[in-house]
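Below is one structure, written out as structure tokens; the observations come after it.
Note on naming: letters A, B, ... go to the chains in the order of the sequence lines (proteins, then strands), and numbering restarts at 1 for each one.
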There are 2 protein chains.
Amino acid sequence: MSHPAHPELARTGPIAFAGSPIDRADLIRVDPEALAARMDWRAKVLLLDGLLPQIGEDGMLQWGTLADVDPEAELVFLGLLEEKACFAAVPDDGATGPAYAMPRAWAAIQQLSPPDLAIYGGARSLVDWHARHRFCARCGSATKPAKGGWQRNCDNCQAQHFPRTDPVTIMLVENEGRLLLGRQPRFPPRSFSALAGFVEPGETIEEAVAREVWEEAGLRVRDVEYIATQPWPFPSQLMIGCYSQTDETEITLDVEELEEARWFTRDEVEHAVSHARGYEDDGVETAFTAPPPTAIAYSLMHWWLEKTK
Amino acid sequence: MSHPAHPELARTGPIAFAGSPIDRADLIRVDPEALAARMDWRAKVLLLDGLLPQIGEDGMLQWGTLADVDPEAELVFLGLLEEKACFAAVPDDGATGPAYAMPRAWAAIQQLSPPDLAIYGGARSLVDWHARHRFCARCGSATKPAKGGWQRNCDNCQAQHFPRTDPVTIMLVENEGRLLLGRQPRFPPRSFSALAGFVEPGETIEEAVAREVWEEAGLRVRDVEYIATQPWPFPSQLMIGCYSQTDETEITLDVEELEEARWFTRDEVEHAVSHARGYEDDGVETAFTAPPPTAIAYSLMHWWLEKTK
């Protein structure tokens, strides 16, 4: 069976890192013989420099063959692309830092086309997980990949481990036509974005949104609404984009998390988003630097601007 | 600062395991002195029998004091309840099986009130994570709890580990007034529920829904819509409830995952849900056994029945 067409785009419009053209081909993944039969000279291997994509002069992801990878490296099966099996090799080391603290990765992802960005993001999350999970969290023994790299098994205690995806809420908060945005100390100068935080065990998406806005800005929100999600590969978050409203305006900042949080008018957001998109440089300084189009925070702001037109 | 009122209920109505009355009190969590000051005779400790709740004759969760727990046990800080610090002790062993394969846990959760269910669920996820993550996945060394049990640190390689929450999509699929429901081989006899599957690295919620329905039933869906989430503590899933439609009706079953999948009419779903709620026993056999009200699949069916009234 071939892969279905992707469902309609999110109501924000395209989301970066979504829309991978790779068919995950779960029936091959779980069948060792079928998988082995795909590991021949026809197989494609995504070329990586550690966790960085190798980008050709044409601006595209570079692919090689199984001959291009260290025979000792662990391989993961990404799926099928135009019926060809695609793999990636697990690098020696993983990385957990935020993308904006990795200038080479940050620059690379601004270059890639939407399908390549989605392929790279999915591969990066998966190989990074392997690189950082070579031992069994339950008993401390070394583990081995299984099911084409979508599982690791412990021969000592028989525990099975699966790639991790951490749900994170990221939220617009509106008060009477203005948006609450914040900046972490590590952001580039003048950059502001939507508040965000991990969903914890024991709470819903809506509860996580309310808790994060309360913890970081001291505001009580109402009418939390789900807008869109983004798979974010630094290292492997499911960014759950939401919109909420508040009747409160006085911000109580959590200085451990944020350096500053402020209300921005619709005009200020529109101006900053236009600059971030690169369509407009009117020479007038924006009130803040908006996130780039690769970030779901950008997509949420864009959605909000359309909604409030 | 006290905890904010919970945001409005999900549009399905109450969701089991959501709405915990505990204030997670992140400022205490991250402050070792503040946390130590709360660990005195006033602290409450949730009494557990391994991972099972201890339920009193009044049907409520039982609480003790720090004197009731093994002095060697790792303690996690659940947060504040009526200004009192609440803790739970990590048991020797965790568990990863589904809830319906644990008859004692399954029976216990049907007894608890909504607030107690939410407290128990959050605590169970957290202590189970500790019990199954005592070693560093990066280097294999033993790790130690930090930040009141919301982190584990590795002194050997300096890795930090955080409680895991796995996003899972669970979806209603409608074709012209009928719902697609399936049964796994391990389900109790006659039980059918919504299809479900883990969100993988590199995909959105909507893409995960489309992939799961394609993989398990061979149907292409459109118009995927987010409805509600539930924190499910067996062991720690974020159940993301969605609704979708399909124009296709011929099911191609993935026999590795499902024993059966069928279309059910609105009348059949309504009858089964009424029985599951316990409001109605008309003596007529239902077409299938619906999930209990503690499952988000029940809430989704209830939402759909209201929507299609």
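Between A:Thr229 and B:Glu206, the shortest heavy-atom distance links the atoms OG1-OE1, 3.5 Å.
The distance from atom SG of B:Cys136 to atom NE2 of A:His133, rounded to the nearest 0.5 Å, is 8.5 Å. With values rounded to the nearest 0.5 angstrom, A:Trp214 atom CH2 is found 16.0 Å from B:Arg24 atom CZ. Considering CD of A:Glu212 and CG of B:Asp26, their distance stands at 8.0 Å, rounded to 0.5 Å. To the nearest 0.5 Å, atom CZ of residue B:Arg211 and atom OG of residue A:Ser20 are 11.5 Å apart. Summarising the geometry, atom SG belonging to A:Cys157 is positioned 9.5 Å from atom CZ belonging to B:Phe135; distances are rounded to the nearest 0.5 Å.
Taking the side chain as every heavy atom from C-beta outward, B:Thr165 and A:Phe198 never approach each other to under 4.5 Å. The side-chain heavy atoms of B:Trp150 and A:Pro201, taken from C-beta on, include a pair separated by under 4.5 Å. Taking the side chain as every heavy atom from C-beta outward, B:Asp166 and A:Asp166 never approach each other to under 4.5 Å.
Within the 3.5 Å criterion, the main-chain N or O of A:Thr204 finds no donor-acceptor partner in the side chain of B:Gln230. Of the possible polar contacts, none joining the B:Glu203 side chain to the A:Ala18 backbone as a donor-acceptor pair under 3.5 Å is found. With hydrogens and angles disregarded, no donor-acceptor distance shorter than 3.5 Å links the side chain of A:Ser125 to the backbone of B:Gly202.
Shown here is A:Arg138, whose CZ atom has no more than 12 heavy atoms of other residues, nucleotides or ligands within 6.0 Å. The environment of A:Glu256 atom CD is sparse: at most 12 non-hydrogen atoms of other residues, nucleotides or ligands sit within 6.0 angstrom.
When heavy atoms are compared at a cutoff of 4.5 Å, B:Trp232 does not approach chain A at all. In this structure, the portions of B:Pro163 lying under 4.5 Å from any heavy atom of chain A include both its backbone and its side chain. Only the side chain of B:Leu238 comes within less than 4.5 Å of a heavy atom of chain A; its backbone N, CA, C and O stay farther away. Proximity to chain A is absent for every atom of B:Gln160, based on heavy atoms less than 4.5 angstrom apart. Using a 4.5 Å cut-off between heavy atoms, A:Glu200 contacts chain B through both its backbone and its side chain. The parts of B:Phe162 that come within reach of chain A are both its backbone and its side chain, each placing non-hydrogen atoms under 4.5 angstrom from that chain.
With chain B as the partner, the residue from A:Arg134, A:His161, A:Arg164 showing the most heavy-atom pairs under 4.5 Å is A:Arg164.
For residues 116-124 of chain A, a heavy-atom distance under 4.5 Å to chain B picks out A:Gly122, given by residue number.
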